[in-house]
Amino acid sequence: MSTDAITPVFVRLKLSLLRNGLRQSGGRKAAYITSAVFALLFAALQLIGLIALRGHAHAESVVVLAVAVLGLGWAVMPLFFPSGDETLDPTRLVMLPLRPRPLVRALLTASLVGIGPLFTLCLLVGSVVAVARGGAAFAAGVVAVVLALLVCVALARAVAAANVRLLTSRKGRDLAVLSGLVIAVGAQIVNFGAQRIGASGLGELAPAAGVLQWVPPASAIGAVHAVSEGSYGLAAAQLTLTAGALVALLALWSRHLTRLMTSPDGSTLPSAESAAKERSSTGLARLLPPGRTGTVMERSLRYVWRDPKTKAAWVTSLAIGLIVPVFNAWQGTGSVYFACFAAGMLGIQMYNQFGQDTSAFWIVAMTISSTRDAYVELRARAYALLLITLPYATLVTVLTTAMLGDWRRLPEALGLSFALLGAMLATGAWTSARFPYSIPQEGYKNVAPGQTGLAWISIFGGMMAAALLCAPVIALTIWLNVSADGDDWTWLLLPAGTVYGAGLTAAGLKLAAPRTARRLPEILAAVSKG
């Protein structure tokens, strides 16, 4: 079949997929239309804003960075949203008698249909208008827009084809769940960058833009600015670089398509060597205490490593717990007490302990026949959390203190962190038994329908209770800092906070154990709901 014959077929196929997807339910149609309206509205406002930049001294820096970020978004989109476009999976076409090159051209054309390409087109057009001056620049802008748009689409397709085995496997679903981490970390980075720009002006963008103007697809916009400045040789080099990137991406895409359509899928079949290694790997078990405590700790740690939702929650907490104090210290506006954020973020992982097990909790419930069994179960889960949290909280506190140079407050910051951690372990153990809720394994929801109220009470109620439990240590810290000779005794806050936090943890586990033993059927019903 020729390219001319299959290209219209693939365009109609893309339109049919969109149309049939909207027919599945009224809710899906409403969600799609709403998201499309908001995306197009944002694109229109962005287009107007870019046009308004025309004539500004730093317009080139802004648009080059914007297009570079846009290209990055196209690169990571298939990794974090693999189910967003069914046509991203070329393995659906392996049974058809199609050659890679015509298939690449047809898929590339079909990929230009959708909200994403239209949004990209608006941003690229606005960027060209912002920096183009003169007829030659606008002529170069037409070429630049076409090249940049094709580079973005080809980049997404090449990444999807290179990772399609991963994206359709369990590891791919793990990666998609971690998209929340990227959003959280990206928000902090954007916030930090916005503060820097607000303090120093758009001139701060010039060094980064000077580098990114040689990175496709941003190099295409850099070429338009170069033509406006009369640097035709520079513009030719940047357009050639963008065209070369497009050719390279299409070749890479074609190569992966050939491999996908001619080789078997072995991504889900573990090798004999890896399977044997998994069976014989007992290093973790040897480092843990014997008996039920060690078994429960190992199970909890394996959940952190293997379960997508648990892994996403842990990685997000670890990242944000580090970013908030460190970024604030980097800007010179932070405090050593911000390091308590790390202990607070990780302490949240103690909440809804049984919900993390989902329906598999029935196996755990069968092993709990007394208050003592429930206490050992909860204590071991707390130990597993402390195995990560204690060294991490200490590291973040020391790093924040070193960046601020306020070593005198290190003992009190550590004492507060340990007290807060102990309070959250205590309230987390109690709320896990009193307000358990189910965590759906599929999709992006972290609470089963109908249990949102339980989740709010468990997490936010527990956090408020933890803050109240920490009041004595907070009051002692304030008193020592305002006292005339209190500075000589602030070091006592480290042992005091440590002992107080350990006492709170022990008391919380003791109070939660009998409630857990009595409410096993209710807990099992609640966590199995999703």
Side-chain angles (χ1 to χ4, degrees), residues 178 180-200 304 311-351 385-425 427-428 459-460 462-464 466-471 473-478 480-481 487 490-498 500-501 504-505:
L178 290 178
L181 170 63
V182 175
I183 295 172
V185 175
Q188 293 296 329
I189 295 175
V190 169
N191 177 54
F192 174 70
Q195 291 180 9
R196 290 290 300 273
I197 293 172
S200 306
V304 174
K311 183 192 298 184
W314 269 94
V315 174
T316 303
S317 296
L318 288 168
I320 298 179
L322 175 67
I323 287 172
V324 170
V326 167
F327 269 38
N328 280 279
W330 190 6
Q331 297 177 82
T333 60
S335 166
V336 292
Y337 302 117
F338 278 29
C340 295
F341 203 82
M345 288 298 299
L346 294 186
I348 295 176
Q349 304 308 316
M350 188 64 186
Y351 292 85
L385 190 144
L386 287 171
L387 201 61
I388 302 173
T389 304
L390 278 178
Y392 180 79
T394 303
L395 175 64
V396 172
T397 306
V398 172
L399 180 59
T400 305
T401 304
M403 295 180 68
L404 293 172
D406 195 3
W407 292 104
R408 183 177 60 84
R409 299 192 184 278
L410 176 61
E412 54 191 277
L414 278 174
L416 280 172
S417 292
F418 294 158
L420 175 62
L421 180 59
M424 297 194 75
L425 290 178
T427 56
I459 297 177
F460 291 99
M463 291 171 64
M464 293 178 63
L468 291 175
L469 290 174
C470 287
V473 180
I474 296 174
L476 179 60
T477 302
I478 296 173
L480 288 176
N481 278 278
D487 287 347
T490 54
W491 63 271
L492 288 174
L493 288 169
L494 176 55
T498 304
Y500 185 73
L504 287 178
T505 301

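A quick note: this is a predicted structure, and the numbers were derived from the prediction, not measured.
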*Asks:* Apply side chain to side chain contact (heavy atoms under 4.5 Å, CB included) to the pair L504 and L425, showing each step before the final yes or no.
*Replies:* CA-CA 8 Å; L504 287 178; L425 290 178; over 6 Å; no

*Asks:* What distance separates M403 CE from F327 CZ, expressed to the nearest 0.5 Å?
*Replies:*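 Separation between the atoms: 9.0 Å.
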
*Asks:* Can you see which heavy atom on L420 is nearest to which on C340, and at what distance?
*Replies:*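 Nearest heavy atoms, L420 then C340: CD2-O, 3.6 Å.
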
*Asks:* With a 4.5 Å heavy-atom cut-off, do W407 and V398 have their side chains touching?
*Replies:*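 SC-SC contact between W407 and V398 confirmed.
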
*Asks:* With a 4.5 Å heavy-atom cut-off, do V396 and P325 have their side chains touching?
*Replies:*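 Yes. Closest side-chain heavy atoms under 4.5 Å.
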
*Asks:* Name all residues meeting the side chain to side chain donor-acceptor pair (under 3.5 Å) criterion together with T427; count only those two or more places apart in sequence or in a different chain, and write none if there are none.
*Replies:*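 T427 satisfies side chain to side chain donor-acceptor pair (under 3.5 Å) with Y351 only.
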
*Asks:* So, for G321 and A342, which heavy atoms are closest and what is the spacing to 0.1 Å?
*Replies:*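 The pair with the smallest heavy-atom distance is O-CB, 3.6 Å.
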
*Asks:* Could you give the distance from CG (L494) to CZ (F418), rounded to the nearest 0.5 Å?
*Replies:*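 That separation rounds to 6.5 Å.
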
*Asks:* Which residues satisfy the side chain to side chain donor-acceptor pair (under 3.5 Å) test with Q349, sequence neighbours excluded?
*Replies:*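 Here the qualifying residues are S317.
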
*Asks:* Enter the distance from M350:CE to T505:OG1 here, rounded to the nearest 0.5 Å.
*Replies:*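 That separation rounds to 8.5 Å.
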
*Asks:* Apply side chain to side chain contact (heavy atoms under 4.5 Å, CB included) to the pair L493 and L476, showing each step before the final yes or no.
*Replies:* CA-CA 8 Å; L493 288 169; L476 179 60; 3.6 Å; yes

*Asks:* Minimum heavy-atom separation for T477 to E412, with atom names?
*Replies:*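 Residues T477 and E412, closest heavy atoms: CG2-OE1, 3.6 Å.
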
*Asks:* Give, for atom OG1 of T397 and atom CZ of R409, the distance between the pair rounded to the nearest 0.5 Å.
*Replies:*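 Between T397 OG1 and R409 CZ, I get 14.5 Å after rounding to 0.5 Å.
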
*Asks:* Compare every heavy atom of Y500 with every heavy atom of C470, then report the nearest pair and how far apart it is.
*Replies:*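 Closest approach of C470 to Y500, heavy atoms only: CA-CE2, 4.5 Å.
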
*Asks:* Pair L385, W314 - check side chain to side chain contact (heavy atoms under 4.5 Å, CB included), show working.
*Replies:* CA-CA 10 Å; L385 190 144; W314 269 94; 3.9 Å; yes

*Asks:* Could you tell me if the side chain of D406 sits less than 4.5 Å from the side chain of T400, heavy atoms only?
*Replies:*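 SC-SC contact between T400 and D406 ruled out.
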
*Asks:* To the nearest 0.5 Å, what is the distance between CG on N328 and CZ on F338?
*Replies:*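 Going from CG on N328 over to CZ on F338, the span is 5.0 Å.
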
*Asks:* Hey, is the main chain of L322 close enough, under 3.5 Å, to the side chain of Y392 for a donor-acceptor pair?
*Replies:*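 Yes.
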
*Asks:* Check each of V336, T394, T401 against L410 using the side-chain contact (heavy atoms from CB on, under 4.5 Å) test, and report the only one that passes.
*Replies:*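 Among V336, T394, T401, the one meeting side-chain contact (heavy atoms from CB on, under 4.5 Å) with L410 is T401.
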
*Asks:* Within the structure provided, determine whether I348 and M463 are in side-chain contact (heavy-atom separation under 4.5 Å).
*Replies:*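 Result yes, sub-4.5 Å side-chain heavy-atom pair found.
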
*Asks:* As an exercise, state the distance from CG of L421 to CG of L414, rounded to the nearest 0.5 Å.
*Replies:*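 Output value for this atom pair is 11.5 Å.
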
